[in-house]
Amino acid sequence: MRILARLIRSLFFIPILLFASPALLILSLMILLMETEEGPLRSLLRVEVRAYGFKKGLVRFMQHVFIPTYKHNVQSFVLGGAGFLVLTVGLRSLGILPTQVVYVALGVEFMLLIMWAITTYFTPEEPITENPEVLRQSPIEDKYETLALTIRELNTQLALLENRLHSAEAKFDKLSQLDSSVTLLSTKLDLLVGDQFNVRVKREFDQLLTELAERISNRPHASQ
């Protein structure tokens, strides 16, 4: 059954392919010859086909490369072809141009319209939400949601700031402990310097007493 369904779809697809063959030929020539800033179109198509297969790779190439790059160009060509067709029909009605020129203008416009149809076919559809409540959402509710989101972000920033304040307080506590240690060390150094100074003064005083005693002991011998 699946093979029969595929065969039926292929039979229906063959007339469409023949109908769009001129536009497909122009599209193939554009892919073969045109280049973008990212590289030649043929190379980009080859990369997508190798990564995802021919069908999915072609769809991805049209959606992400060709349509974003040349969509507006194709539309402008269609409008230009329509203007050319109107001009040729008007001049033919005045008897200035032959009928063959009108046929050429019709063929050009036909191929451009088919190319536009192909680009429109491969244009990705915009996603639609499955929740009908979101579709009926009012602008006021949108503002409330935006405000709620802003409040959540603000709470997150406040929590982060609070953590940073705690870490800063811990660092200040360590600095205060270091200050106390420095003060204690300075006090001990002062005591040590004072003790050394007292020892030195005592030595000097003892030396003076010794010299004075020697002088006193030497005076009687001098008088004799």
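Below, all heavy atoms of this structure are taken into account, side chains as well, without hydrogens, waters or symmetry copies.
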Can you tell me how far the [atom1] atom of [X] sits from the [atom2] atom of [Y], to the nearest 0.5 Å?
X	Y	atom1	atom2	result
L41	I31	CG	CD1	6.5 Å
M34	T69	CE	OG1	9.5 Å
I26	L112	CD1	CG	6.5 Å
E35	S43	CD	OG	8.0 Å
K71	W116	NZ	CH2	11.5 Å

Answer with yes or no whether the hydrophobic clustering places [X] together with [Y]; edges join I, L, V, M, F, W, Y residues whose side-chain heavy atoms lie under 4.5 Å apart.
X	Y	answer
L27	Y121	yes
Y103	F84	no
F122	V78	yes
L113	F110	yes
V65	L33	no

> With sequence neighbours left out, what residues match R92 under side chain to side chain donor-acceptor pair (under 3.5 Å)?
Replying inline: T99

> Partners of E109 by side chain to side chain donor-acceptor pair (under 3.5 Å), sequence neighbours excluded?
Replying inline: none

Would you say the side chain of [Y] lies within less than 4.5 Å of the side chain of [X], judging by non-hydrogen atoms?
X	Y	value
Y70	T36	yes
I118	M62	yes
V74	M115	yes

> Testing V108, V102, V104 for side-chain contact (heavy atoms from CB on, under 4.5 Å) with L106, which one passes?
Replying inline: V102

>> Through direct or indirect side-chain contacts below 4.5 angstrom among Ile, Leu, Val, Met, Phe, Trp and Tyr, which residues connect to L94?
In response: L87, L91, I96, L97, V101

> Are any side-chain N or O atoms of R60 and backbone N or O atoms of E48, one a donor and one an acceptor, separated by less than 3.5 Å?
Replying inline: no

> Under the 3.5 angstrom rule, does the side chain of S28 hit a backbone N or O of L24 as a donor-acceptor pair?
Replying inline: yes

>> Please check if the number of heavy atoms outside F77 that lie under 6.0 Å from its CZ is greater than 12.
In response: no

>> If you compare all heavy atoms of A105 against all heavy atoms of L85, which two are closest, and at what distance to 0.1 Å?
In response: CB-CD1, 3.8 Å

> Do F66 and L58 pass the side chain to side chain contact (heavy atoms under 4.5 Å, CB included) test, and can you show the C-alpha distance, the side-chain angles, and the key distance before you say yes or no?
Replying inline: CA-CA 10 Å; F66 187 85; L58 178 61; over 6 Å; no

